[in-house]
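Okay, structure first, notes after.
Just so it is clear: chains get the letters A, B, ... in the order the sequence lines come, proteins before strands, and each one is counted from 1.
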Protein chains: 2
Amino acid sequence: MSKRAYHHGNLKQELIERGLEFIDQNGVESLSMRKLAILSGVSSAAPYAHFENKEAFLSEVQNYITEQFTDTLQETYESCHDRQRVLLELGKSYVLFFSQNPLYYSFIFSHGDIDINNYPPFQMFKNIAGNVMNEIYDGKIGEHDIYNKTLAMWAMVHGLAQLYTLPAFRMMDSQKVEQKNLQNASSAEIQRIDERIENILSSVEI
Amino acid sequence: MSKRAYHHGNLKQELIERGLEFIDQNGVESLSMRKLAILSGVSSAAPYAHFENKEAFLSEVQNYITEQFTDTLQETYESCHDRQRVLLELGKSYVLFFSQNPLYYSFIFSHGDIDINNYPPFQMFKNIAGNVMNEIYDGKIGEHDIYNKTLAMWAMVHGLAQLYTLPAFRMMDSQKVEQKNLQNASSAEIQRIDERIENILSSVEI
DNA sequence: GATATAATCTTAACACTGCTAAGATTAAGG
DNA sequence: CCTTAATCTTAGCAGTGTTAAGATTATATC
């Protein structure tokens, strides 16, 4: 008997997992179907029994990340019982998700044609933000302004997420605010970014 | 004599221009050195006399776009004499630049490792924004908060730029605010986006 | 349980890619 | 004018996505 049976048994799942890992470590640019196949101990054409083409494969990997992202936001939302802080917490969660897996960001938001209007995490953020705005500005401003403020908030958070994706920016930012630089303590860095996002977001009146 | 002389005479420049045009129309994903070479009437290996590799070529194209972007911001800044509106105008200019050439956005900001801390248009925006903030909050808030507000402003504008890059979002947004939908009148659409950005940005107190 | 069918995998091949080495052609400078 | 450097072509390598044909195995049906 050779190393593996003729049938892998779990190839589709393994390809997706290896794809995730590869993108997280190297980015999507250098990912190839053939390499993933070989890594999974299978011939270079085997993946095409499970995915129509590379694009379809990447799309499934995207969905996987999107689910993780949505779940993260959902958990943050549910565990926040202070209605005053829900947007702040959601924003921090948003930024931290991508700052912990920087290469996911460009993979999801540039290298694909996501349907922005039906993209679950965006809908979720916009819905919650809209609700919060409605509570805060109850009848004081028009529906129009509520929508504008929601968009402004979303754009700001999304922009910050991209910034904190870049190591160079993180370094510069941590120097600028003169925090104790515990470079390698990753849990400390997470907390530092957490504080930074809190400060930045609450520096504007929305 | 054949179609062209053995020496092209202006190959480097033509490749960059064709690269710009190709990215603007098709995105960087499907760009290949060979295609550009053939389009320029030259053999497929000729480009490598002018560029070390594909990455170096794309980097030069990036610089080209970056210059255009910086110039656009600069012109906007210089032609705005109302100190109260300078940030608003700069933000609109920022967003409009990429909404007019959507594929430039993902090409510049994802498919490359720009040195964010030395990236001219970012430095420019941050400097101007910082100065304006200093004027507005003259001594009333700390240097720290000024920096945070500057970052918040930049992130918001940058996030909006990405949003207005997506046709699906533009449609949805124009429906939401119930503007007259002059779909094909591109100059009208520019003005519409211009108004939208103005409204969104001025909906938050920064 | 045998057999038909469908799913999965391998091998081989095609067209395309980035890129290089070797040599041809032309421009520039002494 | 002649040397040198710049520019281009031709061939070719290794790697890519993808497909067609056929081998192997799981699944369902009688």
Practice item. Let me know the distance between NZ of Lys35(B) and C1' of dC16(C), rounded to the nearest Å. Key: 9 Å

**Study point:** Residues in contact with DNA chain D, drawn from residues 8-22 of chain B - heavy-atom cutoff 4.0 Å
**Key:** His8(B), Gly9(B), Leu11(B)

**Study point:** Earlier contact from the 5' end, DNA chain D, for His7(A) and Arg34(B)
**Key:** Arg34(B)

Exercise for review: For residues Pro102(A) and Leu166(A), determine if any side-chain heavy atom of one lies less than 4.5 Å from a side-chain heavy atom of the other.
Suggested key: no

Review point. Will you find, in the side chains of Asn199(A) and Tyr147(B), an N or O donor that is under 3.5 Å from an N or O acceptor?
Key: no

Revision key, fill the gap. Taken to the nearest whole Å, CD/Glu52(A) to P/dT18(D) is 9 Å

Practice item. Send over the distance from Ile38(B) CD1 to dT10(D) C1', rounded to a whole Å. Key: 12 Å

Study note, to complete from the structure: Testing dC19(C), dT9(D), dT24(D) for proximity to the side chain of Ala46(B), the answer is dT9(D)

Exercise for review: Would you mind reading off the distance between Leu36(B) atom CG and dT17(C) atom P, rounded to a whole angstrom?
Suggested key: 10 Å

Check your understanding: Taking atom P of dT18(D) as reference, at what distance in whole Å does atom CE of Met33(A) sit?
Key -> 8 Å

Point to revise | Asn101(B)-Asp24(B) side chain donor-acceptor pair, cut-off 3.5 Å | key: yes

Review point. Tell me: NE2 of His50(B) to C1' of dC8(D), nearest whole Å?
Key: 8 Å

Review point. If only side-chain N and O atoms of Ser32(B) are considered, is one of them under 4.0 Å from the OP1 or OP2 phosphate oxygen of dT17(C)?
Key: yes

Point to revise | Euclidean distance, atom CD of residue Glu29(B) to atom C1' of dC16(C) [Å, nearest integer] | key: 17 Å

Check your understanding: Roughly how far, to the nearest 0.5 Å, is the CD atom of Glu143(B) from the CG atom of Asn134(B)?
Key -> 8.0 Å

Exercise for review: Tell me which nucleotide among dT9(D), dG17(D), dC9(C) gets nearest to the side chain of Ala45(B).
Suggested key: dT9(D)

Check your understanding: Is the ring centre of Phe169(A) less than 6.0 Å from the ring centre of Tyr164(A)?
Key -> yes

Check your understanding: Hey, is the side chain of Tyr48(B) poking within less than 4.0 Å of OP1 or OP2 on dC19(C), counting only N and O atoms?
Key -> yes

Check your understanding: Nearest-Å distance, CZ (Phe57(A)) to P (dT16(D))?
Key -> 14 Å

Check your understanding: Checking ring-ring contact (aromatic ring centres under 6.0 Å, His included) for the pair His50(A)/Phe57(A): CA distance, chi angles, key distance, verdict?
Key -> CA-CA 9 Å; His50(A) 301 279; Phe57(A) 168 71; over 10 Å; no

Check your understanding: Do Phe97(B) and Tyr105(B) make the cut of ring centroids closer than 6.0 angstrom?
Key -> no

